[in-house]
Amino acid sequence: MLRVLALYPDLMNIYADRGNLTVFERRATWRGIGFELAGAGIGDEIDPDAHDLVYIGGGQDRDQALCARDLATVKRDALHAAAARGAVVFAVCGGLQLLGHGYEMEGERLPGVGLVDLDTRREDGPRLLGSIAISLDLPGGPARLAGFENHAGRTYLGSGTEPLGRVLRGNGNNGADGTEGVRGGPHGTVIGTYMHGPLLPKNTAFADWLVATAMGVDALPPLDDALEAAAHAEAARAAGV
Ligand code: GLN
């Protein structure tokens, strides 16, 4: 059984990030694994033991501002407890920005939930926008993710904090240091990325790794991923790798 909790599914959901949840559901169902999806909005308490994977999608600054304080207060302890027992917390873009210490915007600093050592700020300069490809290590060996990014905030990892991967093409965390996303927390299960799109239909090995990690298993039975592989190849081609 895979138990997924989507945080702020109505507010933190742009660029079809909700499609990532469909990938979790379909790939579990195709394998005969039970699937449960819950949602939690502003003001809702969450049970740290009730979910294997907590998902936070992307959001525009104004939507993030609505969620940030709730995430950092109402949900903070439960999310730390979930990460401490090895649950996966997977956050995309605006969600990634809220995983760390905070997000410095013009005239306002949004609090983060403090699951990983990173900070995000607006800086002069263009939005970091376009196709992106990164390299990372998965249990099966070196892998590559391809997708799309669009963010104004720049994220900087604290020293000793690991990125999810290294930028091959595109901008990643800040357009300068070659890092993309984050992988941290007590068990390395707090994972964030700037890649939207939705990301997971185009990168199924990564989706499966998230699910296997959430379920505490080494690997999942293979599926016929011919269409998904074609989508991945197209995203990689768009990124120029
Ligand atoms: N609001 C954030 C930014 O612009 C993230 C946007 C997003 O999730 N695409 O930096």
Side-chain angles (χ1 to χ4, degrees), residues 6-23 39-42 54-72 75 79 89-116 118-134 145-157 161 163-165 167 169-183 190-203 206 210 235 238-239:
L7 291 187
Y8 317 110
D10 299 326
L11 290 167
M12 299 292 282
N13 168 41
I14 55 175
Y15 294 124
D17 282 339
R18 196 173 299 175
N20 290 331
L21 295 170
T22 304
V23 168
I42 289 172
V54 179
Y55 179 77
I56 316 173
Q60 302 294 356
D61 289 358
R62 64 176 179 280
D63 295 326
Q64 284 174 278
L66 294 173
C67 301
R69 199 156 303 280
D70 181 81
L71 189 71
K75 297 181 178 48
L79 286 175
V89 178
F90 177 52
V92 174
C93 197
L96 160 68
Q97 295 171 337
L98 298 182
L99 286 184
H101 303 300
Y103 179 19
E104 197 80 46
M105 295 155 59
E106 285 122 33
E108 189 185 5
R109 181 172 170 84
L110 303 184
V113 71
L115 284 168
V116 283
L118 62 79
D119 208 70
T120 301
R121 55 181 180 262
R122 284 288 193 123
E123 290 170 1
D124 290 340
R127 294 186 71 82
L128 305 180
L129 193 167
S131 294
I132 170 171
I134 70 170
L145 306 185
F148 172 75
E149 64 180 327
N150 182 0
H151 50 111
R154 268 78 163 159
T155 293
Y156 296 90
L157 304 179
T161 299
L164 175 64
V167 174
R169 289 284 196 288
N171 292 287
N173 284 341
N174 49 57
D177 67 12
T179 64
E180 207 292 313
V182 68
R183 183 170 175 199
V190 179
I191 295 151
T193 178
Y194 269 111
M195 301 175 76
H196 286 279
L199 172 72
L200 300 182
K202 300 176 218 161
N203 297 278
F206 181 64
L210 290 175

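The basis for the numbers below is simple: all heavy atoms, side chains too, and nothing from hydrogens, waters or symmetry mates. For ligands, and for the atoms within them, numbers begin at 1 and follow the listed sequence. The first residue of the sequence shown is numbered 1, and numbering continues consecutively from there.
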Can you confirm whether P163 sits close enough to V182 that some side-chain heavy atom of one is under 4.5 Å from a side-chain heavy atom of the other? no
Nearest heavy-atom neighbours spanning P201 and V23: CG-CG2, 3.5 Å
Using a 4.0 Å heavy-atom cut-off, say whether D61 meets ligand 1 through its side chain, its backbone, both or neither. both
A student comparing A91, G59, G94 should find that the heavy atom closest to atom 6 (C) of ligand 1 comes from G59
So for ligand 1, is V92 a polar contact partner (N or O within less than 3.5 Å, distance only)? no
In T155, N174, N173, the residue satisfying side-chain hydrogen bond (donor to acceptor under 3.5 Å, both in side chains) with T120 is T155
Sub-4.0 Å heavy-atom approach of H196 to ligand 1: yes
Please work out which of the three classes, parallel, tilted or perpendicular, describes the rings of F90 and F206, given edges at 30° and 60°. perpendicular
Output yes when the distance from some N or O of ligand 1 to some N or O of G58 is under 3.5 Å, and no in every other case. no
What I want to know is whether R122 and ligand 1 share at least one N or O pair that is separated by under 3.5 angstrom. no
Can you tell me how far the SG atom of C67 sits from the CD1 atom of I56, to the nearest 0.5 Å? 9.0 Å
What do the steps show when you test D61 against Y103 for side chain to side chain donor-acceptor pair (under 3.5 Å), and what is the final call? CA-CA 10 Å; D61 289 358; Y103 179 19; 3.1 Å; yes
Under 4.0 Å from a heavy atom of R127: which atoms of ligand 1 are those, numbered in the order shown and with their elements? 4 (O)
For ligand 1, note which part of F148 has a heavy atom under 4.0 Å away: side chain, backbone, both or neither. neither
Option set L98, N150, L128, criterion heavy-atom distance to atom 9 (N) of ligand 1, minimum: N150
Looking only at protein heavy atoms, which one is nearest to atom 3 (C) of ligand 1, and what is the separation? A152 N, 3.4 Å
Is the shortest distance from a heavy atom of Y103 to ligand 1 less than 4.0 Å? yes
If you compare all heavy atoms of L96 against all heavy atoms of T193, which two are closest, and at what distance to 0.1 Å? CD2-C, 3.8 Å
Which bit of I14 gets closer than 4.0 Å to ligand 1, counting heavy atoms only: side chain, backbone, both or neither? side chain
Would you say M12 contacts ligand 1, with heavy atoms under 4.0 Å as the rule? no
Look at D119 together with R154 and state whether they make a salt bridge at an N to O cut-off of under 4.0 Å. no
How close does the nearest protein non-hydrogen atom get to atom 10 (O) of ligand 1, and which residue and atom is it? G153 N, 2.7 Å
Give a yes/no verdict on a cation-pi contact between R121 and Y156, requiring under 6.0 Å between NZ or CZ and the six-membered ring centre and an angle within 45° of the axis. yes
Looking only at N/O atoms, are H151 and ligand 1 under 3.5 Å apart anywhere? no
Under the side chain to side chain contact (heavy atoms under 4.5 Å, CB included) rule, what do L98 and M12 come out as? Steps first, then yes or no, please. CA-CA 11 Å; L98 298 182; M12 299 292 282; 4.2 Å; yes
Enumerate the atoms of ligand 1 whose separation from the nearest heavy atom of Q60 is less than 4.0 angstrom. 1 (N)
Could you tell me the residue and atom name of the protein heavy atom closest to atom 8 (O) of ligand 1, and the distance to it rounded to 0.1 Å? C93 SG, 2.9 Å
Check A239 against S131 and note the closest heavy-atom contact, atom names and distance. CA-CB, 3.6 Å
